Amino acid sequence: MSESLLVIDGVSRHFGGVTALAEVSFSVAAGEVHALIGPNGAGKTTLIHQISGAQRPDAGRIVFSGEDLTALPMHTRVQRGMARSWQITNVFNRLTLLDNVVLAVKGRQRDWGSGFRFWQPVDDEQALIDEARGWLAEVGLGGRERTLAGSLAHGEQRQLEVVLALATKPKLLLLDEPMAGTGPEESERMVALIGKLARHVTILLVEHDMDAVFRLADRISVLVGGRLVCTGLPDEVRAHPEVRRAYLGEAA
Amino acid sequence: MTQLFLEQALNGLQFGLMLFLLAAGLTLVFGIMDMINLAHGSLYMVGAYLAAAAAAASGSFVIGVLAAVAGTMAVGALLELAVLRRLYTRDHLSQVLATFALILIANEAVRMVWGDQPVMLNAPEALAGPVEIAGFSYPAFRLLIIAVGVLVALALYVAVTKTRVGMWVRAGASNREMTEALGINVKRLFTIVFAVGAGLCALAGAMLGPLLAVQVGMGESILILAFVVIVIGGIGSIRGALVGSLLVGVVDTLGRALLPWLLRSFLPGEVAAHLGPALAAILIYVLMAAILFWKPSGLFPARG
Amino acid sequence: MNLLEVAGLQLAYGQSQVLFGLDLAVAEGEVATLLGRNGMGKSSTLRAVCGLSPAPAGILGGTIRFAGADIAGWTPDRVARAGIALVPEGRQIFPNLSVRENLVAFAANRRRVAEPWTLERVFALFPRLAERQQNMGNQLSGGEQQMLAIGRALLTNPRLLILDEATEGLAPLVREEIWQCLARLREAGQTTLVVDKYVERLIRLADRHTIIERGRVVWRGTSSELDADHGIWHRYLGV
Amino acid sequence: MNSAIYRQSTRRRLLAAGVFTLLALLPPALQAFGQEFYISFAARVLIFALVATSLNFVVGFGGMVAFGHAAFFGAGAYTVAVLMEMGIASAFVSWPAAIAVAVLLAHGIGFVSLRTRGVYFIMITLAFAQMLYYLAISMKTWGGDDGLSLATRSGFGPLDLKHDPTFYWVALASLGLCLYLLDRITHARFGRVLQAIRENESRMEGLGYPVLGYKLLCFVIGAAMAGLAGALIANHGQLASPNLLQWTQSGTLLVMVIVGGVGALYGGAVGAVVLLLAEEVLAHYTTHWHAALGLILLLVVFRAPKGIAAWVHGLFARGEKHE
Amino acid sequence: GADKVKVGFVSTLSGPGAGLGVDIRDGFNLAMKHLNGKLGNLPAEVIIADDQQKPDVAKAETEKFLKKDKVDFMTGIVFSNIMLAVGPQVFENKTFYISANAGPSQYAGEQCNPFFFNVAWQNDNLHEAMGKYVQDKGFRNVVIVTPNYPGGKDAVSGFKRYYKGRAEEMYTKLGQLDYAAELAQIRASKPDALFFFLPGGMGINFVKQFVAAGLSKDIQLFAPGFSADEDVIKAVGTPMLGMFNSSHWAHDFDNPENKRFVADFEKEYGRLPSLYASQGYDAALLIDAAVRDVKGKLDDKVALQKALEAKRFKSVRGDFKWNTNHYPVQNYVLRVIGKDVQGRVTNKTMGTIFSNHADAYVASCKMK
Ligand SMILES: Nc1ncnc2c1ncn2[C@@H]1O[C@H](COP(=O)(O)OP(=O)(O)OP(=O)(O)O)[C@@H](O)[C@H]1O
Ligand SMILES: Nc1ncnc2c1ncn2[C@@H]1O[C@H](COP(=O)(O)OP(=O)(O)OP(=O)(O)O)[C@@H](O)[C@H]1O
Ligand SMILES: [Mg+2]
Ligand SMILES: [Mg+2]
């Protein structure tokens, strides 16, 4: 494996009496698709929160491209090249799909002079719009650019959720259950998309859809009860007795 | 000195519970039903006027209080049916505007009925004076306020956090549709809750009337304090409202009592005389700003 | 005897119509499914049944009968008290109620079932919820919230249980548990209407299936018929 | 983001220019009818239109319901009055100073307050305004309760602000300038980003936008304009009164914004005009005019839920469809 | 001469302070009724506006009366801060202002103005009278309670102008509701008398709580007359019994003008008049007399000023005369709250504190 893009170093997080993460350490190599699996409540989303900056860990460090980001706010981390999707859909409900994605594309253009530009009216440059349309088409939401995000069906919103993260063209993409709530066909399309992206982007994928995980992941880490049980290649993980007992069941 | 300090602490407690009487209804309607009701103070005023009128007519304070509570609950229920229920689904700003309009209307209505000048509402004879406790004398009526305040706090706490109705109300406020889908008639529920809130206002009006002026506009000045209280405590939390009330009561009272004295001890007299009262006046606002700085959702955030 | 009978249902959100004369029936004691791609109108149908239509004006036509009564136009709380419970998509847990409160607040046994769902039974089904019972709803993980939504619906002891993507976000093991639980419910005579994406699993569980596309029924049949024709899967579900 | 009210159109610009021309012609028109008195009244309305507009920018665009906007209004007024006491009467010094003081204050207040959301934000901004209010009434050197009066109006180069029509035009120009600025800002990237932040803060943060910076800047811009309005109101009445700082003043401004239309460029101005005119007219008929005003406000809430500006806009839009 | 007299009446007629403005208005209107709607034999028009207790609103209304309605006299304002805001424009317009209540020290002293007449008092007067009485009665240990704003501090200095004993000053918040903390401290410092100046609702709160705390037994309560007038008594009732206060007028003053005024006021409005009402009544009489004097020549400002200064009317407070600053030189009496023959709680006049008392600022008035 090439050098690590993301290093999670001894990260702990407690909520009152609940230990959601207990000294979790592993690293994500540049270019890989790293899946994070584990039972419900294992702390996967919590870990994504710590990495993305939505929450601060009680202990431990988050190192990204060699830089310690632990104390930085979320938006700075995004500017450094991280993007995430939310497990519980978090989009701009009262904006159109196109506006949603345009915002994401603009957020990527990390020239902050333009974000604070007070004077020039935004006749959003055609390039921006074209790119946004492209992203929508990619997940099969093409042709619905003018629909308000809030009036999409649930599965469609899940797709939009992922597109917003993709459109910031990050170096590291944190996906929290992108497949949840999407139908079989849409899941299929999502898998294909992630597979395609994987050539340019490093991905940390949280997902309960094991078909998708085993098709996409280069390596898999397993959290159980806030502890890292193992990190390894898909076949190793599939065979790991504790993982089978706590998570996969015998069906896998 | 310790004696005085103790008495001041008791005063603070008492003032806090006084505020709690009003904050209780507010946190019920505003915190739990998520409805900004500026006209809360108007219901308090209506309650006090009704209590004054009924007490004067019957000659009995108790009858005055009961009549005020019953009357104001009716007014509250009518208000909810006619105006407020159409506002639950609206944003906070619309609620602000509508209930601000209600304040204007209520004030004028009271002026038309009772005139411009304050009206009389006095404590029953037996409680009008002070009683001796623990070496100092304390106004009997204020002790009653302490008792009523504690009772209301307890009753409300149990009702909201321990009963199913309380759970329905909280559920209805956070996700009305889902609550209905689970079989609760949220519309009727809210009317009842609002009426109860109005009843609490009237209780506050009737209990505070003997200590404060019963006059048009009496609701607005105290409403701000009630808001301060529930914001400090965390909106929607009864426990928070109680703690917030006590905190505001004690800090305000002790600030008024001790600040001038404290400042005198290390500042030149003239400066201290100027600064003391000015600081005491803004103390609770400083307190609120400080608390919100450290805990942006109040001391007991009800929604995580 | 059909417990639920939807006939010719037409529904619109404002200007845009999403259901065009949809028929659906669920017989007493059976497990039925509603299948289709994303955005085809599954949730809209379920919500209409529960009285949660976008607006009273949203139902443009059709009838909804439940246990013999015409419930179209009823308020959602009335529908619920008549015996329909919904596990909605997106979970819709009450964030400001504790786990325990989420469950007990709505517990009811309106039909005096002999062996009703109780808090203990729900905790036995989802031990994780028992561990978290004092936490607030919004402090749960996504999967825990899903379990809570199911438990909450069960505790109303409904005549008809409706699950809208109830396994979304659940770990494989738990998902499997839920399937087994639904199977047990079915044995106990619980009438159920399911929307989910795991067709294979549903074939084993359910009796009858309805597939919709763009607000219209395109296929209807039994499990064995569906199992036999994978072309249907491919054509309408993209599997 | 395509909120109809903000759709850019030359037609709208023309309409605005027309309205402003008409407004500019108001003083001579009033003089012609022997109603000069109303020039001063109209100037007051314009000043309130300005401060309400500035609040609307904060509330409607920034999504920050500030209940202490009077603090900046009052701060501007007191700055001008205090400078006048110190012998600095030139508007070219004291008005920018008023804006600067408001900006500084807003930085401090905003920095602390923006940690909070929703009602907590409402209350914390109120708290700061109340602190200033109590400070002002207890300061004997600044006139305390009586307020601080200005010996004369500010000097404004060759223009004589004592001349009511001139003062009116200056107020109108200030309002026009601020509206133009806000129009540009809201249509520029900054404005679009603000709107999106109002829609979904955490997602904007997650897309890499420094949300707090945007909000603070919005808050400060609103305060700056309120400071200018404060400078104007101090000159208008030749008085900086603690009333300007009181919470009822903040409340009135908020009511103006809601009545006019939250988030509509002209919402604040429309609200100020409607409210002040209604007061002026109603008070003539009955001392119980508050009740009548209350009824009107209720009517607005239920008949024009998005405010009068949007309602009027809707009327026009409907009219167009029927054409 | 003019064919009609126009009076602009701007006062606080809504909000918490409305009671006072309404009393002034009703007193003024009663006088107009007694004068058959005429002022100086000319038909009169009184235009009334509400200042909402806001200086900027008062200014706007005044501006309109001056410029649009071109009134001949202005009157009505209750509060000094509003008076100070409005004064300059009235004087600049050479219109006479007849103050029926507000008596700011500025207009009594350096900023005195030929166009300003005050038929009530200078703000400090009632405090001074109370100070004098407390001093004369030999109290030497007094607590003074007032709000922390300049008006409160003026009251303290007015009181201390005549009271020379020990004085502990206590400043409260403007608009304060609860006084328990102050009362505890008062109890602890064991004064023999307490003087308070707490306008409006604050005074009502204070008295109620003072009595409930049982302090009235050991500490004698003193206040300026407006904190113990009919409006306050009506709100507080029996707890006020025995409270001393100072005034320049009382409803039991024994002169025919006052008897008629009090009786007719009660008949007309169903309540006893307050001193604000008496001042409003006098304001109308003053205008009436002056207009009569100049025979309706209202444009002759010099003559009109002379006529106002001549003061050819009988005040309900008995007689008074103008000082050079156009503030009254008059008697101040002691009143005590007791029960009258009908058993009503009301003020009883006890005796004179000051005879022909002038204010402290007249020396710095450079008028004439
Ligand atoms: N804000 C919070 N307060 C208290 N407990 C919390 C909070 N957030 C998460 N938890 C707890 O921390 C644990 C880990 O939660 P997390 O959301 O990370 O799980 P997860 O692995 O993402 O699960 P799922 O697969 O179900 O989404 C859970 O037990 C949850 O109840
Ligand atoms: N509130 C709404 N306003 C407007 N249109 C809506 C609304 N909710 C849903 N729709 C539209 O109705 C159609 C059907 O939506 P519905 O939620 O019923 O689909 P679904 O079959 O449940 O999809 P999914 O599998 O993604 O949950 C979709 O095209 C959606 O965009
Ligand atoms: Mg998760
Ligand atoms: Mg759905």
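Values in this document were obtained by computation on a predicted structure and should not be read as measured data. Each chain gets a letter, A, B and so on, in the order the sequences are listed, and its residues count up from 1.
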Going by residue number, which parts of residues 154-164 of chain A are within reach of chain D, meaning a heavy-atom gap below 4.5 Å? E161(A), L164(A)
Angle between ring planes, H69(D) versus F72(D), binned at 30° and 60°: parallel, tilted or perpendicular? perpendicular
Kindly indicate whether the side chain of V220(D), heavy atoms from C-beta on, has any atom under 4.5 Å from the side chain of H107(D). yes
With salt bridge (Lys or Arg N to Asp or Glu O under 4.0 Å) as the rule and sequence neighbours excluded, what pairs involving residues 211-225 of chain D come up? E201(D)-K215(D)
If you define the side chain from C-beta out and look only at heavy atoms, does anything of L182(D) sit under 4.5 Å from M225(D)? yes
Per the salt bridge (Lys or Arg N to Asp or Glu O under 4.0 Å) rule, what does the pair list look like for residues 46-59 of chain A, sequence neighbours excluded? none
D9(A) meets the side chain to side chain contact (heavy atoms under 4.5 Å, CB included) criterion, sequence neighbours left out, with V7(A), S25(A), R61(A)
